[in-house]
Amino acid sequence: VQLQASGGGLVQAGGSLRLSCTASGFTFSGSTLGWFRQVPGKEREFVAVMRWGDRRTNYPVSVKGRFSISRDIAKNTVYLQMNSLKPEDTAVYYCAAVPGNPTWSALSSSRTYDYWGQGTQVTVSS
């Protein structure tokens, strides 16, 4: 199983990026998909999730209204559209997946997810 994240880079504050994550050896069909981010010295932080069954999404307050998660099951790919980026969004971004529908309260915990991408760096300059 391998998840490959891409799309990171350097962008000015107020700009946009779209991250992609494609899986091999694993199908996103039937899986709940998430994005997390991490800066050095801090714990991995929840950014977005789309639950499989009902396609409900959830975001922390810090990114709500600016970030949007979507998926293309035919392409086995999950996306994170990031708009109105801020310097505090600078981090390594990771995609994650877990089969099925975890309980809603567990979706923001990194421990819920079985599979992880390698991370892609996003740097937002002021």
Side-chain angles (χ1 to χ4, degrees):
V1 176
Q2 187 174 13
L3 274 58
Q4 182 74 36
S6 62
L10 174 64
V11 63
Q12 288 188 333
S16 298
L17 282 174
R18 188 176 80 156
L19 306 183
S20 301
C21 176
T22 301
S24 58
F26 178 76
T27 177
F28 283 162
S29 177
S31 297
T32 290
L33 306 172
W35 287 93
F36 289 74
R37 65 187 181 187
Q38 191 169 24
V39 298
K42 291 192 175 182
E43 292 187 358
R44 199 162 288 190
E45 177 191 16
F46 166 69
V47 173
V49 65
M50 178 180 283
R51 198 164 64 173
W52 167 251
D54 53 14
R55 300 190 67 175
R56 285 180 69 186
T57 59
N58 193 30
Y59 308 87
V61 171
S62 58
V63 307
K64 188 170 288 187
R66 301 188 298 122
F67 289 13
S68 178
I69 185 171
S70 62
R71 69 188 186 195
D72 186 331
I73 296 302
K75 294 182 179 180
N76 216 29
T77 300
V78 59
Y79 303 98
L80 183 68
Q81 178 66 43
M82 305 186 294
N83 299 324
S84 302
L85 282 162
K86 305 175 181 180
E88 50 264 43
D89 294 320
T90 295
V92 177
Y93 283 71
Y94 298 89
C95 56
V98 58
N101 286 311
T103 57
W104 188 253
S105 60
L107 294 177
S108 61
S109 171
S110 61
R111 292 187 295 273
T112 297
Y113 297 83
D114 293 336
Y115 304 108
W116 291 86
Q118 86 289 0
T120 184
Q121 176 71 46
V122 172
T123 303
V124 185
S125 62
S126 57

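One is the number of the first residue; the rest follow in order along the sequence.
- Closest of all the heavy-atom pairs between Trp104 and Thr57 is CH2-O, 3.5 Å.
- Without hydrogens or angle criteria, Ser126 side chain to Pro87 main chain gives no donor-acceptor distance under 3.5 Å.
- Annotation for Leu19 and Trp35: closest pair CB-CH2, 3.7 Å, computed over non-hydrogen atoms.
- Side-chain contact between Asn58 and Ser108: absent, with no pair of heavy atoms (C-beta onward) separated by less than 4.5 Å.
- Counting only distance, with no hydrogens or angles, the side chain of Gln118 and the backbone of Ala5 share a donor-acceptor pair below 3.5 Å.
- Using a 4.5 Å cut-off between side-chain heavy atoms of Ile, Leu, Val, Met, Phe, Trp and Tyr, with links allowed through other members, Tyr113 and Phe26 fall into different hydrophobic clusters.
- Gln121 contributes atom CD, which lies 7.0 Å from atom OG1 of Thr90 (distance to the nearest 0.5 angstrom).
- In the hydrophobic clustering of this structure, Val11 groups with Tyr93; members are Ile, Leu, Val, Met, Phe, Trp, Tyr whose side-chain heavy atoms approach within less than 4.5 Å, directly or through other members.
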Evaluate the side chain to side chain contact (heavy atoms under 4.5 Å, CB included) criterion for residues Ile69 and Val78: first the C-alpha distance (whole Å), next the side-chain angles of each, then the deciding distance (0.1 Å), finally the verdict. CA-CA 7 Å; Ile69 185 171; Val78 59; 3.8 Å; yes
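- Rounding to the nearest 0.5 Å gives a distance of 11.5 Å between CD of Glu45 and OG of Ser110.
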Side chain to side chain contact (heavy atoms under 4.5 Å, CB included) between Thr32 and Val49, worked out: CA-CA 7 Å; Thr32 290; Val49 65; 3.6 Å; yes
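- Scanning all heavy atoms of the two residues, the minimum distance from Gly8 to Thr120 falls at N-OG1, 3.1 Å.
- Under the 4.5 Å side-chain contact rule for hydrophobic residues, Val98 and Phe46 share a cluster.
- Considering every non-hydrogen atom in both Asn83 and Ser16, the closest pair reads OD1-OG, 2.9 Å.
- A heavy-atom distance below 4.5 Å is found between the side chains of Ser68 and Tyr59.
- Because its NZ or CZ atom is not both nearer than 6.0 Å to the ring centre of Phe28 and within 45° of the ring axis, Arg71 does not count as a cation-pi partner of that residue.
- Using a 4.5 Å cut-off between side-chain heavy atoms of Ile, Leu, Val, Met, Phe, Trp and Tyr, with links allowed through other members, Trp52 and Trp116 fall into different hydrophobic clusters.
- Linking Ile, Leu, Val, Met, Phe, Trp and Tyr residues whenever their side-chain heavy atoms come within less than 4.5 Å leaves Tyr79 and Leu33 in two separate clusters.
- The CD atom of Glu43 sits 8.5 Å away from the CD atom of Gln38 when rounded to the nearest 0.5 Å.
- Inspection of the Asn76 and Thr22 side chains reveals no N or O donor paired with an N or O acceptor under 3.5 Å.
- Note that the CD1 atom of Ile73 and the OG1 atom of Thr77 stand 9.0 Å from one another [nearest 0.5 Å].
- In plain terms, the two heavy atoms of Val124 and Lys86 that are nearest each other are CB-O, 3.3 Å.
- Counting only heavy atoms from C-beta outward, the side chains of Arg66 and Met82 never approach each other to under 4.5 Å.
- Contact detail for Ser62 and Arg37: the closest heavy-atom pair is OG-NH2, 3.9 Å.
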